[in-house]
Amino acid sequence: MLSAENIGRRIALLRKEKRLSQEQLAEELNVSPQAVSKWETGKSIPETATLPLLSRVLGHSIDSILLPRQLVVLSAVYTDGEEQEDVTQRVNAFVSGDSLRLRVGGGELAAAPAAGDRIKVLLVKFEAPSGIFFTCAREGEVVDIRLAGGAPEGEGVFTAKFGELQFIHGAYGNRHHSRNVMGKLAHYRYFRWSAFTANHEQFPSLTENEGPDYLLLVYLNAEGLHAVSCCEGERICYNPDRTRLYREAGSRDSYIVTGVDRLAFGRGQDCSWAGALLLSLRTMGVDTSYETVMGVSGACWRVAFTSMWDFSAADALVACDYAAPAFRAFGINPVWADRISKEERKRVKEQIAADLEAHRLPVAINLRVAPEWGVITGYADQGNTLFCRTYFDEETFKQHEDEPAFQEDMIRTGGYLYVDNWPFALVRMGEKFEAPPAAESLLASLRLRMETMGKRENRGYKLGYAAFEVWRMGLIDGSWYKEAQEEDVRRRYLVNRFCLAALADARRSAAIYLASSRELLPDDSGREQLGLLAGLYAGMAERLESALALIPGQEPEAEANHEIYWPEETRKTQAELLLWVAGQEAEADRRIQVLLDIAAG
């Protein structure tokens, strides 16, 4: 029999485990915060239709939410101390009654990260009637948890520790041959060492190891169980209050990720945020495309405009949060660092250095020249100098292509330019989790499209149909063009072309994403509707690109008359085009609603 009180307690616990507020969980589930509150206080239980999404958001099966067991795994992370994967649901599947037994990294739990020579470990946080506990096991070892009288029995089970951290496991070597170094750690801790260097003097290596060695440390603090590792020659340090460990970024003086493609406008990737994210994902080994990034994020539907006629209206994230759906679709927890203080930069630089060495490129805006998105590709001078790819690099490369000093510098930097500005927004690729099925991301993208097209304004920008209208009216306001200064008209001309290019790029991406997603839908009627929708957006893209071809990309000369380079007839023609596109979007509304109704059954 279902117990609303027990179900509510479990939802509250799992929500807090995911570090979500009641409001954030409600937003994820498309329900009210009051509904979540009623669940957690046992006044009601979630509706059946909500359970699959609740299961995915909380990372637990429906059964484990509705039928709480004595033993439940709250989180399970498989990690090498640098990269990690959330395997909570997979580990929970092995719970039987009041016990859990599985071999780490074997056939029972074929968990990533599988590549590389670093030592792998499974970190488990679980709940029993007597409290919350932690345990860990190395690759090849067995996790064996059994409850007796509601409490776990046996060794290797720990509770959260306040104050100075407690070492749980330490190993030096690699995943094939390693040595337990807990005795060494106890000795060094007695002398209050503030850091540990991974070398053969402090942690003697085994003679079987021919490649690089690694130091892996697993520790427990008030927040739970953690693992950190470093390569031979690097250091792991205590933080000032000795409650946390981190790999010292300065362990290496420099590091450059090689082979990162260039970015530029006019190459079929005119959304700088999506283009930069694509580079980061590909460097991490994610096989995807620009159009898929645009599609799963919802950026392919974007249209924003402001009566101030500003370039920022073309930025994918300025008026809507398309980043969260993208990261969710690719199974990545983003770590944002927005407008941080100078005091915080040192910590973030250390994190950036560690990310780069793990081939996780941070995505950031305003790295050089202007506020567009790019990626950080390397560091030098212990992280104080950074390198990047941005959408403004090509002009610099052409300007200095015949200068020997510049070419020599490019050899030193791996072909990347220097970061000139500390970005006012930066996102790091955090821990990975199991991504939702592609069909779920498609439907989520379509729902987001319906929401944003119908929303009139956000963050000072007009959205959807309202954006088309304010843009169109600005084109046909003849009195403004007669009275305006030529420099103001010239700016409006450039903003118009930039936003038109962004719109054409978005609708082309939408057409490709929709066409490539047809096979994701299980029934013929849904696939047919998706094909028709793809054709609708392909038609929009074709006409938008034709209009764009009539507007030269170069900046008009200061003394040029706008009636020569941007005559009234051209503006009226584009205004009519925007009206037509808005009509096509209204037709898309109807087709998308049919698709969503089919998916809902």
Side-chain angles (χ1 to χ4, degrees), residues 13 16-17 19 73-84 118-128 130-138 141 143 145 151-173 178-199 201-204 213-251 335 343-344 346-351 353-354 430-431:
L13 181 64
K16 293 172 184 176
E17 188 66 28
R19 297 184 179 179
V73 174
L74 298 176
S75 68
V77 174
Y78 196 52
T79 179
D80 58 12
E82 185 168 275
E83 296 184 8
Q84 60 183 31
R118 290 179 180 267
I119 305 164
K120 314 296 191 296
V121 63
L122 177 68
L123 310 179
V124 179
K125 178 180 181 180
F126 65 94
E127 182 194 23
S130 57
I132 293 176
F133 303 88
F134 302 86
T135 190
C136 69
R138 288 266 305 270
E141 296 178 345
V143 173
I145 303 172
E153 59 181 3
E155 299 180 353
V157 175
F158 309 90
T159 56
K161 179 179 177 61
F162 291 86
E164 187 171 323
L165 64 87
Q166 172 187 350
F167 286 111
I168 302 302
H169 179 70
Y172 188 66
S178 64
R179 172 172 283 157
N180 187 306
V181 295
M182 288 294 286
K184 285 281 187 180
L185 291 172
H187 175 73
Y188 298 146
R189 184 178 180 183
Y190 175 81
F191 288 102
R192 307 293 291 174
W193 281 23
S194 60
F196 310 105
T197 302
N199 60 30
E201 178 181 357
Q202 292 187 17
F203 302 99
D213 286 321
Y214 302 89
L215 176 62
L216 172 73
L217 302 179
V218 179
Y219 66 93
L220 188 66
N221 63 12
E223 297 175 350
L225 203 55
H226 312 272
V228 61
S229 68
C230 70
C231 292
E232 186 177 346
E234 298 177 342
R235 296 205 310 168
I236 293 176
C237 306
Y238 278 97
N239 70 335
D241 62 5
R242 298 179 71 85
T243 60
R244 182 174 58 85
L245 296 174
Y246 64 93
R247 185 182 62 79
E248 187 178 56
S251 298
V335 181
E343 291 73 20
E344 294 177 285
K346 183 177 185 297
R347 171 182 58 83
V348 175
K349 284 180 181 179
E350 292 175 353
Q351 294 169 337
E431 65 183 51

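Positions are given from 1 along the sequence.
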Ignoring hydrogens, what is the shortest heavy-atom contact between [X] and [Y]? Give both atom names and the distance.
X: V121; Y: C136; value: CG2-CB, 4.2 Å
X: C237; Y: A195; value: SG-CB, 3.8 Å
X: A222; Y: A160; value: O-CB, 4.0 Å
X: N239; Y: T243; value: OD1-N, 2.9 Å
X: A354; Y: R247; value: CA-NH2, 2.7 Å
X: G170; Y: L185; value: CA-CD1, 4.0 Å

State the [atom1]-[atom2] distance between [X] and [Y], to the nearest 0.5 angstrom.
X: L165; Y: L245; atom1: CG; atom2: CG; result: 5.0 Å
X: T197; Y: Q202; atom1: OG1; atom2: CD; result: 4.5 Å
X: S178; Y: Y172; atom1: OG; atom2: OH; result: 11.5 Å
X: H169; Y: E141; atom1: NE2; atom2: CD; result: 6.5 Å
X: L215; Y: E234; atom1: CG; atom2: CD; result: 10.5 Å

**Asked** Do R347 and E344 sit within salt-bridge range, that is, some charged N less than 4.0 Å from a carboxylate O?
**Response**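 Answer for the salt bridge query: yes.
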Could you check whether any side-chain heavy atom of [X] comes within less than 4.5 Å of a side-chain heavy atom of [Y], counting everything from C-beta outward?
X: Q351; Y: Y246; value: no
X: I145; Y: V73; value: no
X: F158; Y: L225; value: no
X: F134; Y: L123; value: no
X: Y238; Y: R192; value: no
X: I168; Y: M182; value: no

**Asked** Looking at R118, E82, K120, which hits side-chain hydrogen bond (donor to acceptor under 3.5 Å, both in side chains) with S229?
**Response**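 Among R118, E82, K120, the one meeting side-chain hydrogen bond (donor to acceptor under 3.5 Å, both in side chains) with S229 is R118.
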**Request:** Quick one: list whatever passes salt bridge (charged side-chain N to carboxylate O under 4.0 Å, His left out) with E127, sequence neighbours left out.
**Result:** R9, R10
So does [Y] get a backbone contact from the side chain of [X], meaning a donor-acceptor N/O pair under 3.5 Å?
X: R179; Y: P204; value: yes
X: T135; Y: V124; value: no
X: E232; Y: D213; value: yes
X: N221; Y: R244; value: no

**Request:** Would you please indicate yes or no on a ring centroid separation below 6.0 angstrom for F203 and Y188?
**Result:**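 Yes; F203 has its ring centre under 6.0 Å from that of Y188.
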**Residues that V77 engages under side-chain contact (heavy atoms from CB on, under 4.5 Å), provided they are two or more places apart** =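 Checked V77 against side-chain contact (heavy atoms from CB on, under 4.5 Å); matches are T79, Q84.
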**Residues, nucleotides or ligands: over 12 heavy atoms within 6.0 Å of E164 CD** = yes
